[in-house]
Amino acid sequence: MKPANRPSKVTADAIYDTDKIRKYNRREGIKSNIPVNKRNQKKKKRGRPIKVDQEEYKKKSEIERFFSGIKSCKKSISKI
């Protein structure tokens, strides 16, 4: 069963740079904004290099820092 709503773009950390994830996203019509993780490469990749939208990636980092700050505030408030 296919989901009713599907994202048009996925932004993730380099740890998620796998062929399986990229193929799934491509098959489902989802654009991947995942930087290349050189440690995952067993052999040199051929073809066009993978482009990453750096501005979109920076937004992801800002959102992660925001939620991290909220989480740390919750911890300090609960100690009171």
Side-chain angles (χ1 to χ4, degrees):
M1 185 166 136
K2 297 244 182 206
N5 295 327
R6 180 176 306 151
S8 60
K9 191 177 203 178
V10 172
T11 301
D13 291 325
I15 193 75
Y16 297 103
D17 176 33
T18 64
D19 289 335
K20 189 175 182 180
I21 290 173
R22 288 192 186 274
K23 286 178 184 176
Y24 174 82
N25 287 343
R26 193 175 310 120
R27 186 175 58 239
E28 297 295 324
I30 303 169
K31 293 182 182 178
S32 297
N33 193 29
I34 305 171
V36 175
N37 187 352
K38 294 184 187 331
R39 292 176 290 188
N40 284 349
Q41 293 179 354
K42 293 182 180 151
K43 57 185 175 183
K44 193 167 184 149
K45 290 192 177 188
R46 297 172 52 187
R48 287 184 286 175
I50 296 170
K51 292 185 180 180
V52 177
D53 184 0
Q54 291 297 328
E55 291 301 316
E56 192 75 28
Y57 196 72
K58 285 179 189 177
K59 289 178 189 176
K60 179 190 90 53
S61 297
E62 290 173 8
I63 292 168
E64 285 182 353
R65 286 194 305 272
F66 171 77
F67 282 109
S68 175
I70 289 175
K71 189 175 178 181
S72 67
C73 287
K74 274 176 57 175
K75 286 180 181 178
S76 64
I77 290 172
S78 66
K79 290 180 182 179
I80 296 175

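Remember, predicted model here, so these are calculated numbers, not experimental data.
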>> More than 12 heavy atoms of other residues, nucleotides or ligands under 6.0 Å from NZ of Lys9: yes or no?
In response: yes
> With sequence neighbours left out, what residues match Lys59 under side-chain contact (heavy atoms from CB on, under 4.5 Å)?
Replying inline: Glu56
> When clusters are formed from ILVMFWY side-chain contacts under 4.5 Å, directly or step by step, what else is grouped with Phe67?
Replying inline: Ile63, Phe66, Ile70
> Excluding sequence neighbours, so at least two apart, what forms side-chain contact (heavy atoms from CB on, under 4.5 Å) with Arg65?
Replying inline: Ser61, Glu62
>> To check you understand the geometry: which heavy-atom pair defines the closest contact between Arg22 and Pro35, and what is its length?
In response: NH2-O, 3.9 Å
> For Ile30, which fellow cluster members are found when Ile, Leu, Val, Met, Phe, Trp and Tyr are connected by side-chain heavy-atom distances below 4.5 angstrom, either directly or through intermediates?
Replying inline: Val10
> Which atom pair, heavy atoms only, marks the closest approach of Asn33 to Asp53?
Replying inline: OD1-N, 2.8 Å
>> Between Asp17 and Asn37 (side chain of the first, backbone of the second, donor and acceptor by atom type, cut-off under 3.5 Å), is there such a pair?
In response: yes
> What heavy-atom pair brings Thr11 and Tyr57 nearest, and what distance separates the two atoms?
Replying inline: CG2-CD1, 3.8 Å
> Who pairs with Lys58 by side chain to side chain donor-acceptor pair (under 3.5 Å), at least two apart in sequence or on another chain?
Replying inline: none
> Are any non-hydrogen side-chain atoms of Lys23 and Thr18 less than 4.5 angstrom apart?
Replying inline: no
>> Going by salt bridge (Lys or Arg N to Asp or Glu O under 4.0 Å), name the residues that satisfy it together with Lys60, two or more places apart in sequence or in a different chain.
In response: Asp13, Glu64
